[in-house]
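One structure below.
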Amino acid sequence: MGRRELRRDLAVLPMSVVRELTDLSDRQIRYYDQQGLITPQRGAGKQRRFSLNDVDRLIEIADYLDAGYSVSEIHEVDAKKQRKLAEKPEPNEENLRHMLADELLKIGRFNGQRKF
DNA sequence: TTTCTAACA
DNA sequence: TGTTAGTA
């Protein structure tokens, strides 16, 4: 792999940047962290440092929340996702349907009740 | 100035 | 969730 690839897991983004990238409030981002939905790295002074993956994750969380899911339900979705990933690494029909569902959920963000 | 935690409305 | 207080 080349060193030119984007290191999506490198935590270098401060709260201010993530706030704008996700269109979420600091409060919401910290709350999702508290709930264990995200685990940002910490820098000097315990300041959160987010990676590109964290940003994607936050957007995904926001999508689920907008779709009416509760925090605990999102945790269940994660657990289910991990089980599927652990037992069947190869994409089967079931996984593909979940992947499609996730994509539709994201697309729905542009058709749903959002103010933009 | 920015971010953090805790707590109250 | 917003907001405020007191810090680091």
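What you are looking at is a predicted structure, and each value in this text was computed from that prediction instead of being measured. A note on names: the letters A, B, ... follow the listed sequences, proteins ahead of strands, and every chain is numbered from 1.
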As a test of understanding, state which of A/Asp54, A/Val17, A/Val55 forms a side chain to side chain contact (heavy atoms under 4.5 Å, CB included) with A/Thr22. A/Val55
Enumerate, atom names and distances included, each donor-acceptor pair closer than 3.5 Å involving a side-chain atom of residues 28-44 of chain A, sequence neighbours excluded.
unit_1	atom_1	unit_2	atom_2	d
A/Gln28	OE1	A/Ser25	N	2.9
A/Gln28	OE1	A/Ser25	OG	3.2
A/Asp33	OD2	A/Arg48	NH1	2.5
A/Arg42	NH1	A/Lys46	O	2.6

Would you kindly give the CZ-to-C1' distance between A/Arg30 and B/dA6, to the nearest whole Å? 12 Å
Can you list, in residue-number order, the parts of residues 41-51 of chain A that come under 4.0 Å of DNA chain B, counting heavy atoms only? A/Arg42, A/Lys46, A/Gln47, A/Arg48
Just the rounded figure in Å: distance from C1' of C/dG2 to CD of A/Gln28. 10 Å
Between P of B/dT3 and CG of A/Asp33, the distance in whole Å: 15 Å
Report yes if a donor N or O on one partner sits less than 3.5 Å from an acceptor N or O on the other, where the partners are the side chain of A/Arg27 and the base of C/dT3; otherwise report no. yes
Taking CG from A/Asp26 and C1' from C/dT1, how many angstroms apart are they, rounded to a whole number? 12 Å
Spacing of A/Tyr32 atom OH relative to B/dC4 atom P, expressed in whole Å: 16 Å
To the nearest angstrom, how far is A/Glu20 atom CD from B/dT3 atom C1'? 15 Å
Round to the nearest Å and state the distance from A/Leu13 atom CG to B/dT3 atom P. 12 Å
In whole angstroms, the gap separating P of B/dT5 from CD of A/Gln35 amounts to 13 Å
Have a look at A/Ile61 and tell me which of A/Ile59, A/Asp63, A/Leu65 forms a side chain to side chain contact (heavy atoms under 4.5 Å, CB included) with it. A/Leu65
Considering residues, nucleotides and ligands other than A/Tyr69, do more than 12 of their heavy atoms fall under 6.0 Å from its OH? no
For A/Lys81, look at atom NZ and say whether over 12 heavy atoms of other residues, nucleotides or ligands are found less than 6.0 Å away. yes
